[in-house]
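Report on the following structure.
All residue numbers refer to positions in the sequence shown, counting from 1. Counting convention: from 1, in listed order, for ligands and their atoms alike.
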Amino acid sequence: MGKALIIGAGGVASVCIHKCCQNSDVFEDICIASRTKSKCDALKEKLDGGKTKISTAQVNADNVDELIALINSYKPDVVINLALPYQDLTIMDACLATKTNYVDTANYEPLDTAKFEYKWQWAYRERFEKAGITALLGSGFDPGVTGVFSAYAMKHQFDEINYIDILDCNAGDHGYPFATNFNPEINIREVSAKGSYIEDGKWVETEPMEIKRVYNFPEIGEKDMYLLHHEELESLALNIKGIKRIRFFMTFGQSYLTHLKCLENVGMTSIEPIDFEGHKIVPLQFLKAVLPDPASLGPRTKGKTNIGCIFIGKKDGKDKTYYLYNVCDHQECYKEVGSQAVSYTTGVPAMIGAAMILTGKWNKPGVHNIEEFDPDPFMDALNKFGLPWKESFNPELVD
Ligand code: NDP
């Protein structure tokens, strides 16, 4: 049915590429392009021989001209951006110049400020509309499936949704005292930032990890979770009618937090460049180089993830609560595609988002967040491609 150019060859890209090959009726031809071509070639070698035709290319996604040249030579129907958030705008520029659809899983972040907001990408709306191409923003799990869950709850369960709590629990144990489950630089920037949530249309800021709750997660049990700032709060507060408050919580174990505090205290999580033996280095980038590669955690990680949304609102004049979630098992993911569940839960929705565009189900010129589309075909695809969802009408609530 179509051709996809996948940019990036890391943990998330690897899962997405496996899933494109499982969905070969839609993904007839894919090109894997990244900074380090050997990683693309290794993925091709692993997956070649099926119905999906695979090619590889080297590209520096910070360079718009290189991206344009690659898109013009390969001529994809959609570009799936699975590099880092820093590359979002250069890749969107190249898509605009070549009139190619665009999908990503994380919003743009400037390298020098750890602050994620949609304003930079939303500024492309009119240009994408005029070019007649679709940009689908945030097609991972959170953001991503959490937005699809919200659109589904709104469509089928509520007349209005007043409160959303997004709960992200990773109960996986990789056996290391400290490691991150996805790109360490992005992960540490996210968790060491101030927390925030939206109440009555305004952002309320908290100190990092200031708000803690304990939640009894289905199929996992009790875990400590902390309120974080998260990008989908911004778009969901605009797109879901009737929202009074929306929060995001993520679980962290004590060992992770103690190590993080220590690394912060000694300055290792800073993104300010420092002089080191005549070079400028960014401490956080150096830390990334000494931490385990998230891709190497796959075989070691045991346990489950549970990510979902608790909705509180009204249906037919009555109060209603509803919980939609997915439980994913690290070892099962590893058996299937050779990656742990954090990459899996992001790579599967990235493939599904691109499939929605390739099959014409979600074509809407402009720049859109995922909850702006009809959730039903995406919800069906989640069940089909390894992320089945569950629902509860009487969930434990977060105070
Ligand atoms: P990895 O670090 O494993 O992979 C990133 C890949 O991008 C690497 O192959 C890297 O190349 C490549 N890359 C980086 N810079 C460039 C560049 N300038 N040009 C070309 N390629 C480049 O990250 P993950 O796979 O863990 O994460 C990928 C994305 O997914 C991130 O944006 C992350 O924020 C997002 N994410 C979203 C989630 C969600 O639920 N929405 C959850 C988890 C992640 P090289 O190998 O040379 O370093």
Side-chain angles (χ1 to χ4, degrees), residues 5-18 31-43 56-67 70 79-91 94 103-109 111 114 116 121 136-149 166 168 170 179-191 228 230-233 235 248 250 284-285 288-289 291-298 305 307-308 326 328 337-353 369-370 387:
L5 170 63
I6 296 156
I7 301 183
V12 175
S14 168
V15 175
C16 177
I17 292 159
H18 275 83
C31 175
I32 313 165
S34 191
R35 183 166 55 188
T36 313
K37 186 166 175 287
S38 57
K39 291 194 188 168
C40 310
D41 292 334
L43 283 166
T56 62
Q58 201 276 330
V59 75
N60 174 7
D62 292 320
N63 183 317
V64 180
D65 291 336
E66 266 188 44
L67 288 164
L70 174 62
V79 173
I80 312 176
N81 168 14
L82 301 175
L84 298 178
Y86 319 127
Q87 280 85 45
D88 287 6
L89 301 189
T90 45
I91 299 176
V103 175
D104 69 25
T105 65
N107 69 8
Y108 174 68
E109 224 182 296
L111 248 183
F116 26 89
Q121 290 180 281
L136 168 61
L137 305 186
S139 191
F141 207 106
D142 42 348
V145 177
T146 50
V148 175
F149 281 176
I166 301 170
D168 180 331
N170 179 6
T180 62
N181 292 292
F182 65 98
N183 186 288
E185 194 185 329
I186 307 294
N187 180 243
I188 291 174
R189 279 167 72 119
E190 178 176 274
V191 303
L228 295 186
H230 225 247
E231 62 201 60
E232 67 263 54
L233 303 186
S235 70
F248 181 96
M250 191 178 271
L284 181 55
Q285 286 172 3
K288 172 180 188 267
L291 286 175
D293 176 358
S296 71
L297 301 178
T305 60
I307 320 175
N326 162 264
C328 200
V337 298
S339 305
Q340 35 81 0
V342 175
S343 302
Y344 192 92
T345 52
T346 312
V348 172
M351 178 283 285
I352 297 174
N369 292 88
I370 201 161
L387 293 177

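The nearest non-hydrogen atom to atom 41 (N) of ligand 1, considering only D62, T105, D168, comes from T105. With distances taken over non-hydrogen atoms, the option nearest atom 31 (C) of ligand 1 out of G147, A83, P349 is A83. Of the listed residues (N63, T346, N60, V59), the one carrying the non-hydrogen atom nearest atom 42 (C) of ligand 1 is T346. Distances from atom 24 (P) of ligand 1 to the heavy atoms of N181, I7, V12 put V12 nearest.
Among protein heavy atoms, atom 23 (O) of ligand 1 sits closest to N183 CB, 3.8 Å. The nearest heavy-atom contact from the protein to atom 12 (C) of ligand 1 is S34 OG, 3.5 Å. F182 CD1, 3.7 Å is the protein heavy atom nearest to atom 44 (C) of ligand 1. In this structure, atom 17 (C) of ligand 1 lies nearest to the protein heavy atom A61 N, 3.6 Å. Closest to atom 4 (O) of ligand 1, if we only count protein heavy atoms, is G10 CA, 3.3 Å.
In this structure, E232 contributes its side chain and G147 its backbone to no donor-acceptor pair below 3.5 Å. Not a single donor-acceptor pair under 3.5 Å links the side chain of E109 to the backbone N or O of Y86. Between the side chain of Q87 and the main chain of L84, a donor-acceptor pair closer than 3.5 Å is present. Remark: the backbone N or O of N63 is not paired with any side-chain donor or acceptor of T90 at under 3.5 angstrom. Looking at Q58, its side chain never comes within 3.5 Å of a backbone N or O of K37 through a donor-acceptor pair.
For ligand 1, the polar-atom distance check against A9 finds a nitrogen or oxygen pair separated by under 3.5 Å. On a distance-only criterion, R35 and ligand 1 share at least one N/O pair closer than 3.5 Å. In terms of N/O distances under 3.5 Å, ligand 1 is not approached by I186. Of the N or O atoms in L84, none lie within a sub-3.5 Å distance of an N or O in ligand 1. Checked by distance only, ligand 1 and G8 stay at 3.5 Å or farther apart across all their nitrogen or oxygen atoms.
Between F248 and H230, the ring-plane angle classifies as parallel under the 30° and 60° cut-offs.
Residues G138 and D104 share a closest heavy-atom pair of N-OD1, 2.8 Å. Looking at every heavy atom in both residues, E231 comes nearest to T105 through OE2-O, 4.4 Å. Counting all heavy atoms, side chain and backbone alike, A13 lies closest to L82 at CA-CD1, 3.6 Å. Minimum interatomic distance between A106 and P85 (heavy atoms only, all atoms of both residues): CB-CG, 4.0 Å. Considering all non-hydrogen atoms of both residues, N170 and N181 come closest at ND2-ND2, 3.0 Å.
The closest approach between a heavy atom of G144 and any atom of ligand 1 is not below 4.0 Å.
Numbered from 1 in the order shown, with element, the atoms of ligand 1 that lie under 4.0 Å from a heavy atom of K39 read 45 (P), 46 (O). Listed by atom number, the atoms of ligand 1 under 4.0 Å from A106 heavy atoms are 32 (O), 34 (O). Atom numbering of ligand 1 starts at 1 in the shown order; those under 4.0 Å from a heavy atom of G11 are 3 (O), 25 (O). Contact atoms of ligand 1 toward T36: 45 (P), 46 (O), 47 (O) (distance under 4.0 Å to a heavy atom of the residue).
Between the side chains of D88 and N81, at least one donor-acceptor pair of N or O atoms lies under 3.5 Å.
Residue contacts with ligand 1 for P143 involve both N, CA, C or O and side-chain atoms from C-beta outward (heavy atoms, distance under 4.0 Å).
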